[in-house]
Amino acid sequence: MIDPATEKVIAEVELADEAAADAAIERARAAAPGWAAVAPGDRARLLRRFAEQVDADLDELARLEVANAGHTIGNARWEAGNVRDVLHYAAGIPERLLGSQIPVSGGVNITFNEPLGVVGVIVPWNFPMPIAAWGFGPALAAGNTVVVKPAEATPLTALRLAELAARAGLPDGVFQVVLGAGAVVGQRFVTHPAVRKVVFTGSTVVGKQIMAGCAAQVKRVTLELGGKSANIVFADADLERAAATAPYGVFDNAGQDCCARSRILVQREVFDRFLELLEPAVRGVRVGDPNDEATEMGPLISAAHRERVMGFVEPSTVAYTGACPSGPGFWYPPTVVLPNGASDRVLTEEVFGPVVAVLPFEDEADAVRIANATDYGLSGSIWTSDVGRALRVSRAVEAGNLSVNSHSSVRYWTPFGGFKQSGLGRELGPDAASAFTETKNVFIAT
Ligand code: NAD
């Protein structure tokens with residue numbers, strides 16, 4: 001494993017082969033009936049204990065993520081805290097997983113929420129901790145056993161979470177982490193018949209392969225994929241605040257964020273003024289040592305990923321950039337580009353780096369048209385002082401998670417997921433557990 005801020009090797013790990021993946025899946029299969037039979041209150045208690053272990057280890061988890069993924073220490077603490085909170089929230093599920101009684105004649109009709117069995121959770125490198133927890137928290141709560149496969153580049157916090165789960169007293173085989181290549185371990189989740197559901201977060205390209213593979217067994221799948229979200233700034237908005245916060249909306253986690261608002265759409269009459277206001281905000285982003293509490297943006301994950309990001313910027317017109325260290329480390333500065341026409345790749349493809357395209361629109365209809373002119377539909381922001389417009393545009397933009405006069409769209413107690421090619425299904429929120437159960441309908445003749 002390489003620290004992306006220093007390029008130093010910080011750890012070596014062994015990757016599982018197909019046989020090791022199968023062994024973990026078999027352990028999870030063997031543990032499934034026992035875990036499903038644990039009394040709801042006891043399952044809740046174990047999840048709460050898991051949450052408490054995460055809380056006690058929060059600083060260690062955060063430091064590991066800083067070293068392994070280059071996240072700023074502030075972000076990494078939030079991410080570890082999010083795992084704790086997701087687990088506490090999940091601990092409220094077992095006792096509230098209610099079936100129903102439906103009026104019928106000649107008997108009684110009741111429904112049960114049955115766990116699926118083994119759930120495989122495939123995680124990307126950009127938010128290794130929370131994304132794993134959004135899958136395993138509700139899955140465990142609903143009575144499933146879970147095998148997590150972290151991304152090849154960022155396995156260290158997942159390994160630590162497995163230790164914490166064991167320390168919390170989760171029975172053997174209920175929660176496992178298997179390191180390995182996507183094409184080996186990830187694919188085994190897709191093809192092994194004992195895995196009843198795959199939760200995949202990652203690129204849209206791989207997500208489509210996972211969905212096609214799962215179709216062979218009609219396997220359940222949740223997909224959380226890429227994004228190309230719009231930050232729409234109307235002329236009646238608080239422009240100072242919109243400009244001051246726009247860098248956070250796209251450069252958080254160095255832009256390696258599926259919700260990054262990587263297109264800023266600005267109403268034409270305030271376009272020049274907005275670009276002027278945005279410049280000091282972009283130049284002011286503090287990029288550097290992720291262990292420094294004042295740092296706002298760390299490095300990119302790898303040299304190869306930086307090359308990819310550069311490939312988007314080179315053909316574009318750069319308006320201005322912020323500053324970043326020169327190296328070692330995979331640094332890239334916050335960058336604002338003016339796209340060369342509607343088909344510019346920087347407007348249509350996910351850059352997944354600290355690059356934002358700014359472009360003008362004429363009126364409300366034009367803003368919605370541009371915002372929706374993408375195959376993605378994950379997130380977005382709307383800046384306006386007109387509540388009617390805020391609601392109209394929120395309804396018209398095809399995206400799963402929107403925020404008005406804010407860039408915040410992730411809360412563990414509200415649903416998260418994408419429209420169109422940004423994904424399938426929802427995580428988090430009050431209905432999270434229903435993605436991990438089958439409804440069984442039983443009629444009892446009287
Ligand atoms: P990726 O698709 O390359 O890999 C994601 C995971 O899938 C990794 O663990 C990888 O090993 C595994 N994998 C790769 N090929 C596989 C295969 N053939 N079969 C099974 N598993 C396979 O994505 P990435 O580069 O790690 O992550 C970045 C992407 O994730 C971006 O597109 C980003 O938008 C997306 N993402 C989406 C969300 C969301 O909630 N919508 C959140 C975070 C990241």
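Numbering of ligands and ligand atoms starts at 1, following listing order.
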**OP:** Answer side chain, backbone, both or neither: which part of Glu152 comes under 4.0 Å from ligand 1, heavy atoms only.
**Re:** side chain
Original post:
Is any side-chain N of the basic residue among Arg160 and Glu163 closer than 4.0 Å to the acidic one's carboxylate O?
Top reply: yes
Subject >> Any side-chain donor near an acceptor of the partner, Asn291 and Arg63, under 3.5 Å >> reply: yes
**OP:** Report yes or no: does Phe200 have a heavy atom closer than 4.0 Å to ligand 1?
**Re:** yes
Original post:
When you look at Gln421 and Thr204, which way does the side-chain hydrogen bond (donor to acceptor under 3.5 Å, both in side chains) test go after all the steps?
Top reply: CA-CA 7 Å; Gln421 295 189 27; Thr204 295; 5.6 Å; no
**OP:** Please work out whether any backbone atom (N, CA, C, O) or any side-chain heavy atom from C-beta onward of Thr204 is under 4.0 Å from ligand 1, and answer side chain, backbone, both or neither.
**Re:** neither
**OP:** Report yes or no: do Asp252 and Asn75 form a side-chain donor-acceptor pair below 3.5 Å?
**Re:** yes
Original post:
Using the benzene-type ring in the case of Trp, are the ring centres of Phe416 and Trp134 under 6.0 Å apart?
Top reply: yes
Original post:
Taking heavy atoms and a distance under 4.0 Å, where does Leu378 meet ligand 1: side chain, backbone, both or neither?
Top reply: side chain
**OP:** If you have a sec, work out which protein heavy atom is nearest atom 42 (C) of ligand 1 and how many Å separate them, to one decimal?
**Re:** Cys258 SG, 2.9 Å
Original post:
So which of Gly202, Pro124, Pro150, Gly182 gets nearest to atom 35 (C) of ligand 1, if we judge by its closest heavy atom?
Top reply: Gly202
Original post:
Got the closest protein heavy atom to atom 12 (C) of ligand 1, with its distance?
Top reply: Ile122 CG2, 3.6 Å
Original post:
Among protein heavy atoms, which lies nearest atom 34 (O) of ligand 1, and at what distance?
Top reply: Glu350 OE2, 2.6 Å
Original post:
Heavy-atom contacts under 4.0 Å between Thr201 and ligand 1: side chain, backbone, both, or neither?
Top reply: both
**OP:** Would you please classify the geometry between the Phe352 ring and the His305 ring as parallel, tilted or perpendicular, with 30° and 60° separating the classes?
**Re:** perpendicular
**OP:** With heavy atoms only and a cut-off of under 4.0 Å, state how Phe189 meets ligand 1: side chain, backbone, both or neither.
**Re:** neither
**OP:** Run the ring-centre check on Phe271 versus Phe361 and record whether the distance is less than 6.0 Å.
**Re:** no
**OP:** Answer side chain, backbone, both or neither: which part of Val205 comes under 4.0 Å from ligand 1, heavy atoms only.
**Re:** neither
**OP:** Go through ligand 1 atom by atom and flag the ones less than 4.0 Å from a non-hydrogen atom of Asn126.
**Re:** 43 (C), 44 (C)
Original post:
Can you tell me how far the CZ atom of Arg27 sits from the CG atom of Asp172, to the nearest 0.5 Å?
Top reply: 8.5 Å
Original post:
To the nearest 0.1 Å, how far is atom 23 (O) of ligand 1 from its closest protein heavy atom, and which atom is that?
Top reply: Ser203 N, 3.4 Å
Original post:
Can you tell which part of Phe127 has a heavy atom less than 4.0 Å from ligand 1: side chain, backbone, both or neither?
Top reply: neither
Original post:
For Asp431 and Arg426, what are the C-alpha separation, side-chain angles and deciding distance, and is it a salt bridge (Lys or Arg N to Asp or Glu O under 4.0 Å)?
Top reply: CA-CA 8 Å; Asp431 301 326; Arg426 291 293 178 272; over 6 Å; no
**OP:** May I ask you to check whether Trp383 and His407 place their ring centres under 6.0 Å from each other?
**Re:** yes
Subject >> atom 16 (C) of ligand 1 - nearest protein heavy atom and its distance >> reply: Val206 CG1, 3.5 Å
**OP:** Out of Gln256, Lys149, Gln187, indicate the one that has the non-hydrogen atom closest to atom 19 (N) of ligand 1.
**Re:** Gln187
Original post:
Is Glu95 paired with Arg43 through a side-chain N to carboxylate O contact shorter than 4.0 Å?
Top reply: no
Subject >> atom 28 (C) of ligand 1: the protein heavy-atom neighbour that sits closest, reported with distance to 0.1 Å >> reply: Phe352 CE2, 3.4 Å
Original post:
Nearest protein heavy atom to atom 24 (P) of ligand 1, by residue and atom, and its distance?
Top reply: Trp125 NE1, 3.5 Å
Original post:
What protein heavy atom sits nearest atom 41 (N) of ligand 1, and how far off is it?
Top reply: Leu225 O, 2.8 Å
**OP:** Supply the atom-to-atom distance Cys258 SG to Phe127 CZ, rounded to the nearest 0.5 angstrom.
**Re:** 7.0 Å
Original post:
Any nitrogen or oxygen of Gly180, main chain or side chain, under 3.5 Å from a nitrogen or oxygen of ligand 1?
Top reply: no
Original post:
Distance below 4.0 Å between atom 4 (O) of ligand 1 and any protein heavy atom?
Top reply: no
